Amino acid sequence: MPPHPAPRSGAAPAARRVPWITPLYVGAVQLRASATARLPRRQRVELLRAHSTNVANLRAGRWRTLATSAVFVEEPLPAPYAAALLAALGTAEVRWGPARAAGLFAAGHLGASLLVYAGLRGRVRADPPDATARAVDVGASYGFCATVGALAATVPHRGARVAATAGLLALGIRPVLRPRRTFTDAGHLAAVVLGVAAGAVLGAGEPWRAPAGAGTAGPRGPVRAARVRRAVRSAPARR
């Protein structure tokens with residue numbers, strides 16, 4: 001077997017991405033939550049309600065809440081949840097880059113919020129608004145569920161991918177089937193489904209990576225068919 005060709009002198013390994021948007025986002029959410037928690041209870045509830053994607057706000061045209069609701073939480077995130085959020089969003093950022101990871105999070109958050117609003121709009125009282133219409137609905141959970149769904153849908157091994165996606169969907173469906181379900185349970189399931197769909201698109205768009213040492217730079221000009229055939233016959237079989 002011929003020795004592997006030496007790497008080109010100008011070649012350098014691709015730099016590994018380091019997530020930076022994820023820690024900034026999670027840190028900002030935690031700092032805001034800590035500051036909000038110090039407010040008097042009534043003032044804190046009214047602040048959160050003003051930034052919620054509830055029926056009352058969206059029906060009144062306060063569409064900015066679709067964005068602001070993602071940076072407010074009812075209380076500081078517990079350490080396990082904050083760690084899981086950092087891991088999921090950081091993995092997505094490293095894998096797909098900051099722009100795509102942020103777009104995926106936003107699509108899950110916005111899509112699930114709008115689907116919940118569409119389902120509740122005709123079923124809750126508007127004048128005066130009832131408790132559901134004015135409910136506090138803030139947080140990062142919709143975007144988090146969408147990101148996890150996309151990661152599950154892009155697991156490299158087919159069997160593991162199917163198992164991860166099916167298990168995640170089962171976890172999302174279970175709360176919706178409970179007698180005392182809430183609209184946020186439906187929102188989490190919707191976010192998972194949106195994330196799985198987005199992951200299928202992202203996975204389909206990812207190019208195949210050649211194994212290390214499988215190929216080198218060829219000649220700059222066009223290669224004749226005969227030379228290609230000779231190269232294929234002389235190349236060692238891949239294991």
Side-chain angles (χ1 to χ4, degrees), residues 12-34 53 66-115 138-175 184-185 187-212:
R16 294 178 61 86
R17 292 194 183 111
V18 177
W20 58 275
I21 288 182
T22 295
L24 286 179
Y25 169 70
V26 177
V29 169
Q30 287 288 63
L31 289 176
R32 187 185 294 272
S34 299
T53 53
L66 290 171
T68 60
S69 60
V71 295
F72 281 89
V73 291
E74 296 188 47
E75 58 186 14
L77 301 176
Y81 183 78
L85 186 63
L86 280 169
L89 301 189
T91 301
E93 185 177 349
V94 169
R95 183 165 188 179
W96 296 308
R100 286 189 177 183
L104 172 63
F105 181 92
H109 178 77
L110 296 176
S113 298
L114 290 174
L115 287 173
V138 295
S141 59
Y142 289 169
F144 171 64
C145 288
T147 301
V148 174
L151 291 173
T154 53
V155 173
H157 190 274
R158 182 177 180 181
R161 180 169 65 250
V162 172
T165 303
L168 192 60
L169 290 173
L171 289 175
I173 292 172
R174 184 177 179 181
T184 57
D185 294 329
H188 292 146
L189 176 59
V192 170
V193 172
L194 291 172
V196 170
V201 174
L202 289 172
E206 288 183 347
W208 288 95
R209 293 183 179 180

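All figures in this text were calculated on a predicted structure; none of them were measured in a lab.
- A donor-acceptor distance shorter than 3.5 angstrom exists from the side chain of Q30 to the backbone of L77, with no hydrogens or angles considered.
- R161 places a side-chain N or O within donor-acceptor distance of the main-chain N or O of P156, the cut-off being under 3.5 Å.
- The backbone N or O of A88 lies less than 3.5 Å from no partner atom in the side chain of T147, so there is not a single donor-acceptor pair.
- Here L110 contributes atom CG and L194 contributes atom CG; the two are 10.5 Å apart, rounded to the nearest 0.5 Å.
- Considering CD1 of I173 and CG of D185, their distance stands at 12.5 Å, rounded to 0.5 Å.
- Pairing each heavy atom of L104 with each of A150, the nearest pair is CD2-CB, 3.4 Å.
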Could you list the donor-acceptor pairs under 3.5 angstrom formed between side-chain atoms of residues 78-87 and any protein atom two or more places apart in sequence or on another chain?
none

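- What you find for A191 and G108 is that their closest heavy atoms are CB-O, 4.3 Å.
- Not counting sequence neighbours, the partners of S113 by the side chain to side chain contact (heavy atoms under 4.5 Å, CB included) test are T53, L66, H109, Y142.
- The shortest heavy-atom contact between V73 and A33 is CG2-CB, 3.4 Å.
- Each of Y25, F144, W96 was checked for a ring pair (Phe, Tyr, Trp, His ring centres under 6.0 Å) with F105, and the lone residue meeting it is Y25.
- To the nearest 0.5 Å, atoms CG (L202) and CZ (R95) are separated by 8.5 Å.
- Atom CD in E93 sits 5.0 Å away from atom CD1 in I21 (nearest 0.5 Å).
- Every side chain to side chain contact (heavy atoms under 4.5 Å, CB included) that A152 has, sequence neighbours left out, goes to A164, T165, L168.
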